[in-house]
Each structure stands twice: as structure tokens, then as C-alpha cells.
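Down below is the structure, laid out as C-alpha cells.
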Amino acid sequence: PFNLLTSKKTSIEANLPFAINHMAAISASGVPPFVVFKLLANIHEYGEISNESRRIVRNVDTFGMDVVSAMRNVADRSPSQEFKQLIYGVVSTIETGGDLKRFLDNASKEALFNYRIKREKYLQTLGTYADFYTAVLIAAPLFFISVLSVMSMVGGEVFGLSIPTAMRIGVYAMIPLMNILFLMFVHYTQPQV
């Protein structure tokens with residue numbers, strides 16, 4: 001359950017800036033909020049946001065709830081705090097008679113701004129990873145091979161292995177293994193898009 005909840009939250013938060021932008025564009029035409037969620041429910045590219053929108057539509061169509069109650073019900077069960085905040089903002093705007101288009105425009109600008117900041121921060125982190133990769137996985141193995149080449153002329157052992165054997169293990173096993181581990185680390189730490 002925790003894994004499922006985390007994947008839902010990740011999917012919602014990755015797609016939220018674009019879904020809010022889409023919601024703002026739809027609401028600009030003057031359609032009611034229910035229609036906005038009905039249209040959003042049919043766009044599968046938004047992942048879990050589409051499923052949450054489908055639940056709102058289901059609550060209204062099948063269970064006969066009003067739109068505000070349906071949105072509150074879905075927001076209460078959502079794993080994403082950002083999505084809850086958006087839905088409660090929409091509910092508040094509807095209940096107070098505010099301008100939904102303006103609210104969604106502002107929310108869209110803020111969400112896209114935050115998305116850009118997260119992406120820029122990740123790019124800076126990738127720069128740090130690149131420096132680490134250069135130092136540890138390029139320069140260190142070259143130094144390792146150079147030192148072992150010089151030591152092979154002198155003779156001796158490294159960790160109980162002959163120097164040519166240690167070089168083979170380093171070149172054919174250690175360097176590829178460290179590169180694979182680094183690639184996996186970068187893959188699992190990247191934000192979902």
C-alpha cells in the first residue's frame with residue numbers, strides 16, 4: 001500500500017503543472033468546473049490526475065453528489081498535498097463566487113515556476129554528479145592502471161594477486177561495475193517527468 005501510495009503521489013506531482021495549465025485553458029472558455037474535470041478525466045497522459053478527475057466525475061454522475069462535495073471527497077483521499085491544495089482552492093473559489101479562470105491561471109503560473117526551479121536544481125545536481133564521475137570513474141581508474149603498470153615492471157603483488165591479474169579484474173570487472181552502479185544511481189535519483 002505504501003509503495004502504491006508513493007507512486008500515485010509521484011505521478012500526480014509530476015503531471016500537476018501541466019494539468020493545471022490545461023484546466024486554466026479549459027476554464028477560460030467559461031465552462032463549469034464539472035466539465036473541466038470531465039475533460040481532464042479523458043486525458044490519460046496526466047496519469048493519476050486523470051484517475052482523480054474520473055473519481056470526481058463518478059461521484060457526481062453515479063453517486064449524485066454535488067461538484068463541491070465530490071471534489072472535497074477526492075481531495076481528502078489524495079496522497080499529494082499539492083493536489084489537495086489545488087482542489088481546496090478550486091472549492092473555495094467556487095463557494096465564494098470567485099473567478100475560477102483567474103485562480104487557475106495564477107495556480108498554473110506558480111506550478112510551472114516551481115517546476116522550472118525543480119528542473120534547474122536537478123541540472124545543478126547533475127553537474128555535481130558529472131564532477132564526481134570524472135574524478136572517481138575516469139581519473140581514478142587511469143591512475144590505478146598507471147600505478148599498476150609501473151608496479152608490474154618492479155614486480156610484486158596487490159591484495160595477494162599478481163599485478164596483471166589485478167589489472168584485468170580492475171579493467172574488466174571493477175570499472176564496468178562502478179559505471180553500472182553510477183548509471184543506476186542517476187536513473188533512480190532523477191525526478192519523474
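Proximity of Ile163 to Val158: side-chain heavy atoms (C-beta onward) are separated by under 4.5 Å at one or more points. Side-chain contact check for Tyr46 versus His22: some heavy-atom pair is nearer than 4.5 Å. The shortest side-chain heavy-atom distance between Glu82 and Ile12 does not fall under the 4.5 Å cut-off. Put simply, the side chain of Tyr133 reaches to within 4.5 Å of the side chain of Asn179, judged on heavy atoms. Between Arg55 and Asn51, the closest side-chain pair of non-hydrogen atoms falls below 4.5 Å. Within the 4.5 Å cutoff, side-chain heavy atoms of Phe18 are placed close to those of Leu112.
Every residue was checked against the ring-ring contact (aromatic ring centres under 6.0 Å, His included) condition with Tyr88, not counting sequence neighbours, and none meets it.
Applying the side chain to side chain contact (heavy atoms under 4.5 Å, CB included) test between Leu86 and each of Met71, Gln81, Met23 identifies Met23 as the sole match. Remark: of the listed residues Lys101, Arg102, Lys109, Lys101 is the sole one forming a side chain to side chain donor-acceptor pair (under 3.5 Å) with Asp105. Partner of Ser80 under the side chain to side chain donor-acceptor pair (under 3.5 Å) criterion, out of Glu13, Glu52, Lys8: Glu13 alone.
Hydrophobic clustering keeps Val136 apart from Leu181 (ILVMFWY residues linked when any side-chain heavy atoms are closer than 4.5 Å, directly or through intermediates). Put simply, Val68 and Val57 are part of the same group of oily side chains (I, L, V, M, F, W, Y) that touch within less than 4.5 Å, one to the next.
Asn73 places no side-chain N or O within donor-acceptor distance of the main-chain N or O of Ser69, the cut-off being under 3.5 Å. Side-chain atoms of Ser146 come within 3.5 Å of backbone atoms of Leu142 as a donor-acceptor pair (strictly under, hydrogens ignored). Without hydrogens or angle criteria, Ser29 side chain to Ala25 main chain gives no donor-acceptor distance under 3.5 Å. A distance-only check finds no donor-acceptor pair linking the side chain of Thr62 to the backbone of Asn59 [under 3.5 Å]. In this structure a side-chain-to-backbone donor-acceptor pair under 3.5 Å is missing from Ser78 to Val74.
Nearest heavy-atom pair, Gly170 versus Phe144, reported as atom, atom and distance to 0.1 Å: CA-CE2, 4.1 Å.
Between atom CG of residue Leu183 and atom CZ of residue Phe185 there is a gap of 12.0 Å, rounded to the nearest 0.5 Å. Rounded to the nearest 0.5 Å, atoms CZ (Phe182) and OH (Tyr129) are 8.0 Å apart. From Ile20, atom CD1 reaches atom CG of Asn106 across 11.0 Å, with rounding to the nearest 0.5 Å. Once rounded to the nearest 0.5 Å, the distance linking CD of Glu110 with CG of Asn114 reads 5.5 Å. In this structure, CG on Leu16 lies 4.5 Å from CD1 on Ile49, to the nearest 0.5 angstrom.
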Going through the distances and angles, do Ile145 and Met167 end up as a side chain to side chain contact (heavy atoms under 4.5 Å, CB included)?
-> CA-CA 7 Å; Ile145 297 299; Met167 287 176 69; 4.1 Å; yes
Hey, can you pull the donor-acceptor pairs under 3.5 Å for the side chains in residues 31-45, sequence neighbours left out?
residue: Asn42; atom: ND2; partner: Lys38; partner atom: O; Å: 3.3
residue: His44; atom: ND1; partner: Arg54; partner atom: NH2; Å: 3.1

